[in-house]
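Okay, structure first, notes after.
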Amino acid sequence: MFKNQLVLEDDKRYKIGIMGGTFDPIHYGHLVIAEQIRRNYNLDKVIFIPVGIPPHKREMKITKGEHRYLMILLATMTNPYLDVSRIEIDKKDVSYTIETMRELNKKYSDKKVEFYFIIGADAISTIETWEESAELLTMCKFIAATRPGVTNSNMLAMIEYYKENYSAEIQTMVVSAVDISSTDIRNRIAGNRPIKYLLPEAVEHYILKNELYSEDNCE
């Protein structure tokens, strides 16, 4: 299920961050968010969970899950605190976050584990559109990552709304701005422009070797 077997001791409390997304491809922006939040909240580990079939983007073309999984594996291999799970890409059906969190909670029900779902500030306002969001909002804690200098009054209002209506636990953290996007990287490759230093070198080599982001490699 994970890059490294997640072995938890019975008598210890664990704080584990979860980062979901397409990661198509993973880049330094994702890695900076994961590492800074891990250190700030003293998380034992942050697990990247690449989505299989996304419920909100069924018509969207995304690179095959195995490629995205392997790219995350390469991107995180030098950091023992970052991990990757196949839990969603191995599913044959649509991936819902609520089902993933239920599965993780069930798997570690005999351990003392707190899950922290890491989310971009711009996605906060969409949580109520997620499958069974009311249960999800109480199932785990949320950490919303925002950029320095960005004042998002709508995000703060939505957080207060979730707290009042769902007793949700949502915290915000300002993360160093890294203006990198997967869309830009894909466009750069398509336009034969450089992507060096936007993502780990091993991921860059994997993309070039496998000629990703062509029609043949999209699902």
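Heads up: numbering here begins at 1 and tracks the sequence.
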Candidate pair Ile189 and Leu212, rule side chain to side chain contact (heavy atoms under 4.5 Å, CB included), full reasoning: CA-CA 9 Å; Ile189 295 171; Leu212 297 188; over 6 Å; no
Quick one: pull up OG1 in Thr76 and NE2 in His30 and give me the separation to the nearest 0.5 Å. 13.0 Å
For the residue pair Tyr116 and Tyr41, categorise the inter-ring angle as parallel (less than 30°), tilted (30 to 60°) or perpendicular (more than 60°). tilted
Single-linkage hydrophobic cluster, 4.5 Å side-chain cutoff, Val46 and Ile26 together: yes
Can any side-chain N or O of Tyr162 pair as donor or acceptor with the backbone N or O of Ile124 at less than 3.5 Å? yes
List the atom of Ile180, the atom of Leu198, and the distance in Å for their closest heavy-atom pair. CD1-O, 3.5 Å
Ring-face cation of Arg68 near Phe23 (centre distance under 6.0 Å, axis angle within 45°): no
Side chain to side chain, Val113 and Leu104, heavy atoms closer than 4.5 Å: no
Is there a donor-acceptor pair closer than 3.5 Å between any side-chain N or O of Ser181 and the backbone N or O of Asp184? yes
Check whether more than 12 heavy atoms from other residues, nucleotides or ligands sit under 6.0 Å from atom CD of Glu135, and answer yes or no. yes
Of all heavy-atom pairs linking Arg188 and Pro194, the shortest is NH1-O, 3.0 Å
Distance-only, no hydrogens or angles: does the Ser182 side chain make a donor-acceptor pair with backbone N or O of Pro25 under 3.5 Å? yes
Note, Ile185 side chain near Val203 side chain (heavy atom, < 4.5 Å): no
Relative to each other, are the rings of Phe117 and Trp130 parallel, tilted or perpendicular (30° and 60° limits)? perpendicular
For Asp179, does the CG atom sit with more than 12 other heavy atoms under 6.0 Å from it, leaving out its own atoms? no
Hey, does the side chain of Arg186 reach the backbone of Asp24 with a donor-acceptor pair shorter than 3.5 angstrom? yes
Value rounded to 0.5 Å, distance of CE in Met19 from CG in Leu31: 8.0 Å
Restricting to non-hydrogen atoms, name the atom on Leu199 and the atom on His27 that form the minimum distance, rounded to 0.1 Å. CB-CA, 3.8 Å
Hey, mind stepping through Glu160 and Leu156 against side chain to side chain contact (heavy atoms under 4.5 Å, CB included) and telling me if it holds? CA-CA 6 Å; Glu160 287 306 310; Leu156 297 177; 5.9 Å; no
Transitively linked via ILVMFWY side-chain contacts under 4.5 Å: Phe142 with Tyr161? yes
Determine, using the 4.5 Å side-chain heavy-atom cutoff (strictly less than), whether Leu43 and Phe48 are members of one ILVMFWY cluster. yes
Sidechain-backbone polar pair: His205 side chain, Ala202 backbone, donor-acceptor under 3.5 Å: no
Shortest non-hydrogen pair, Pro80 vs Lys45, comes out as O-NZ, 2.9 Å
Answer yes or no: is there an ion pair linking Arg102 with Glu132, defined by an N-O contact shorter than 4.0 Å? yes
Spacing of Ile143 atom CD1 and Asn40 atom CG [to the nearest 0.5 Å]: 8.0 Å
Are Val84 and Val32 connected in a single hydrophobic cluster, I mean Ile/Leu/Val/Met/Phe/Trp/Tyr linked by side-chain heavy atoms less than 4.5 Å apart? yes
Aromatic rings Tyr206 and His67: how do their planes relate, parallel, tilted or perpendicular, breaks at 30° and 60°? perpendicular
Heavy-atom closest pair, residues Gly52 and Ile62: O-CD1, 3.5 Å
Heavy-atom pair of closest approach, residues Gly17 and Ile118: CA-CD1, 4.3 Å
Side chain proximity check, Ile37 to Val175, heavy atoms < 4.5 angstrom: yes
About how many Å separate CD of Glu169 and OG1 of Thr138, when rounded to the nearest 0.5 Å? 10.0 Å
If Ile, Leu, Val, Met, Phe, Trp and Tyr residues are connected whenever their side-chain heavy atoms lie under 4.5 Å apart, and connections chain through other members, are Met77 and Ile89 in the same group? yes
Above 12 or not: heavy atoms from other molecules or residues under 6.0 Å from CZ of Arg193? yes
Is the backbone of Lys15 close enough, under 3.5 Å, to the side chain of Asp44 for a donor and an acceptor to pair up by distance? yes
Go through the steps for Cys140 and Ile18 under the test side chain to side chain contact (heavy atoms under 4.5 Å, CB included), then give the verdict. CA-CA 10 Å; Cys140 58; Ile18 301 293; over 6 Å; no
Quick check: do Ile47 and Ile87 have side-chain heavy atoms less than 4.5 Å from each other? no
Applying side chain to side chain contact (heavy atoms under 4.5 Å, CB included) to Tyr69 and Asp90, what does each step give before you reach the verdict? CA-CA 10 Å; Tyr69 170 78; Asp90 284 344; over 6 Å; no
CG of Leu82 to CG of Leu73, rounded to nearest 0.5 Å, is 11.5 Å
Does Glu103 come within less than 4.0 Å of Lys106, counting only side-chain N to carboxylate O? no
Measure the spacing between CE of Met71 and CD of Glu66 and express it to the nearest 0.5 Å. 11.0 Å
Glu128 vs Tyr166 side-chain heavy atoms within contact, under 4.5 Å: yes
